[in-house]
Amino acid sequence: MYPAQVYLSDTSHNLKVTYTRYYERSEKDWDYAIFYSRFIHRDQLLNNTWPPKGTVYTVKADGVPICVVVKRDNREDYLGFQALEKTMRYLL
């Protein structure tokens, strides 16, 4: 995350760089994300279900995707997570 912060800090003053795990991405409000294949489940990698929908750029090594830039097309997952969090706080 630190290299992205340093590199991107000079390009835009309205840019915020944060960290999230791939499988927790619905918990964050983001427009673009950089994800690496390192912690992606083996089955997804072997069954070609990764890179995810919304991938706008892919870095490959020997034809295998190792890093992607993803553009979020909507925030429905994030809004759903927020609603679930609100409901859970109400129930507790």
Side-chain angles (χ1 to χ4, degrees):
M1 183 174 106
Y2 179 73
Q5 284 178 318
V6 172
Y7 179 77
L8 296 171
S9 67
D10 293 336
T11 62
S12 174
H13 298 287
N14 297 325
L15 188 69
K16 181 179 177 185
V17 178
T18 59
Y19 173 81
T20 188
R21 292 177 179 94
Y22 178 76
Y23 295 110
E24 295 171 0
R25 65 194 181 279
S26 294
E27 300 173 18
K28 304 284 184 170
D29 189 14
W30 53 273
D31 295 316
Y32 288 87
I34 300 170
F35 295 114
Y36 297 93
S37 62
R38 174 66 177 96
F39 298 105
I40 304 302
H41 193 275
R42 179 180 184 270
D43 290 338
Q44 284 185 271
L45 298 173
L46 292 176
N47 293 311
N48 297 319
T49 57
W50 196 85
K53 177 184 172 194
T55 297
V56 294
Y57 183 76
T58 305
V59 177
K60 294 181 179 182
D62 293 328
V64 177
I66 59 171
C67 176
V68 295
V69 176
V70 178
K71 179 181 179 187
R72 186 182 234 165
D73 60 350
N74 65 61
R75 288 184 164 71
E76 291 174 356
D77 60 332
Y78 175 68
L79 296 174
F81 179 78
Q82 293 297 309
L84 179 63
E85 284 277 296
K86 185 177 178 180
T87 301
M88 294 304 290
R89 282 194 299 266
Y90 176 76
L91 294 175
L92 298 176

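For the single chain, residues carry numbers from 1 onward in sequence order.
Legend: residues meeting side chain to side chain contact (heavy atoms under 4.5 Å, CB included) with Q82, ordered by chain and number and at least two apart, are Y78. Scanning for side chain to side chain contact (heavy atoms under 4.5 Å, CB included) contacts around V59 gives Y57, I66, C67, with sequence neighbours left out.
At a threshold of 4.5 Å between side-chain heavy atoms, the hydrophobic network of Ile, Leu, Val, Met, Phe, Trp and Tyr places L79 and F81 in two separate groups.
Applying the 6.0 Å contact sphere to CD of E76 captures no more than 12 heavy atoms from other residues, nucleotides or ligands.
N47 CG to R42 CZ: the interatomic distance, rounded to the nearest 0.5 Å, is 9.5 Å. One finds the CZ atom of R72 at 6.0 Å from the OG atom of S26 (value rounded to the nearest 0.5 Å). Atoms CD and OG1, on E27 and T20 in that order, are 6.5 Å from each other to the nearest 0.5 Å. Note that the CG atom of D73 and the CG atom of D31 stand 11.5 Å from one another [nearest 0.5 Å].
Of all heavy-atom pairs spanning P65 and G63, the tightest one is CD-O, 3.8 Å. Among all heavy-atom pairs drawn from K16 and T18, the shortest one is CE-CG2, 3.5 Å.
The hydrophobic cluster containing F35 also includes Y22, Y23, W30, I40, L45, W50, V68, V70, under a criterion of side-chain heavy atoms closer than 4.5 Å among ILVMFWY residues, counted directly or through chains of members.
R89 is listed as a side-chain neighbour of K86, based on a closest heavy-atom distance under 4.5 Å.
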